[in-house]
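Everything on this sheet refers to the single structure shown next.
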Amino acid sequence: MQSEARAEEDCGRARPRWVHPYDDARIIAGQGTIALEMLEDETELDVLVIPIGGGGLIAGNAIAARARRPSIEIIGGRMRAFPSMWNAIHHEERPCGGATLAEGIAVSKAGALTLPIVRDLVGDIVLG
């Protein structure tokens with residue numbers, strides 16, 4: 001959260017365009033191309049298991065995969081140390097924090113755009 005506040009502060013001074021790393025419609029749409037490629041290469045896929053940080057990757061893939069194959073099952077994988085999306089979906093307040101090698105999923109807050117997509121299209125979230 002500190003890095004996001006700093007980035008927004010820097011954007012205010014320098015006037016660049018802030019693109020959120022996961023909670024941006026274009027980022028979400030771009031991530032969805034992964035599912036399209038997988039479904040093109042493996043026409044029999046019926047389940048996608050996708051890691052969840054703030055939700056951009058899984059949201060984009062869920063939208064694209066369901067558009068191509070409405071019956072496909074989408075499952076999210078989440079670190080126990082950073083259960084932000086789990087907390088948001090299940091209305092819980094498990095603590096977030098700890099060491100990780102996967103900084104991209106070390107997110108303490110689910111995205112405002114991604115949360116309703118995950119809620120609607122992801123069948124389950126597994127904590128590991």
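For clarity, every value in this text was computed on a predicted model and none was experimentally measured.
- Put simply, CD on Glu40 and CG on Leu45 are 12.0 Å apart, with the number rounded to the nearest 0.5 Å.
- Two residues are said to be in side-chain contact when any heavy atoms from C-beta on lie closer than 4.5 Å; Ser84 and Arg78 meet this criterion.
- A distance-only check finds no donor-acceptor pair linking the side chain of Arg69 to the backbone of Glu44 [under 3.5 Å].
- Residues Asn87 and Cys96 have side chains in contact (heavy-atom distance under 4.5 Å, counting atoms from C-beta outward).
- One distance of note links CD1 of Ile34 with CD1 of Ile58; it measures 11.5 Å at 0.5 Å rounding.
- Between Leu57 atom CG and Ile50 atom CD1 the span is 6.0 Å, to the nearest 0.5 Å.
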Legend entry - Residues Asn61, Ile74; criterion side-chain contact (heavy atoms from CB on, under 4.5 Å); working and verdict: CA-CA 9 Å; Asn61 278 272; Ile74 311 292; over 6 Å; no

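- Classified by interplanar angle (parallel below 30°, tilted 30° to 60°, perpendicular above 60°), the ring pair Trp86/His90 is tilted.
- Judged by distance alone, with hydrogens and angles left aside, the side-chain atoms of Arg68 form no donor-acceptor pair with the main-chain N or O of Leu39 at under 3.5 Å.
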Inset, instruction - Before giving the answer on side-chain contact (heavy atoms from CB on, under 4.5 Å), spell out for Ile125 and Val118 the whole-Å C-alpha distance, their side-chain angles and the decisive distance to 0.1 Å. - result: CA-CA 9 Å; Ile125 297 173; Val118 171; 4.2 Å; yes

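- Enclosure of atom CD in Glu42 is not indicated, since only 12 or fewer non-hydrogen atoms of other residues, nucleotides or ligands lie within 6.0 angstrom.
- Contact check for Asp46 versus Glu73: no side-chain heavy atoms found under the 4.5 Å cut-off.
- Note that NE2 of His20 is 9.0 Å distant from CG of Leu113, once rounded to the nearest 0.5 Å.
- At least one side-chain heavy atom of Leu115 sits less than 4.5 Å from a side-chain heavy atom of Ile89.
- Linking Ile, Leu, Val, Met, Phe, Trp and Tyr whenever their side-chain heavy atoms come within less than 4.5 Å leaves Leu121 and Leu36 in two separate clusters.
- Atoms CD1 and CD1, on Ile28 and Ile63 in that order, are 6.5 Å from each other to the nearest 0.5 Å.
- Here the closest heavy-atom approach between residue Ala64 and residue Gly32 is recorded as CB-O, 3.3 Å.
- Closest heavy-atom contact between Leu127 and Arg80: O-NH2, 3.5 Å.
- At least one side-chain heavy atom of Met85 sits less than 4.5 Å from a side-chain heavy atom of Thr114.
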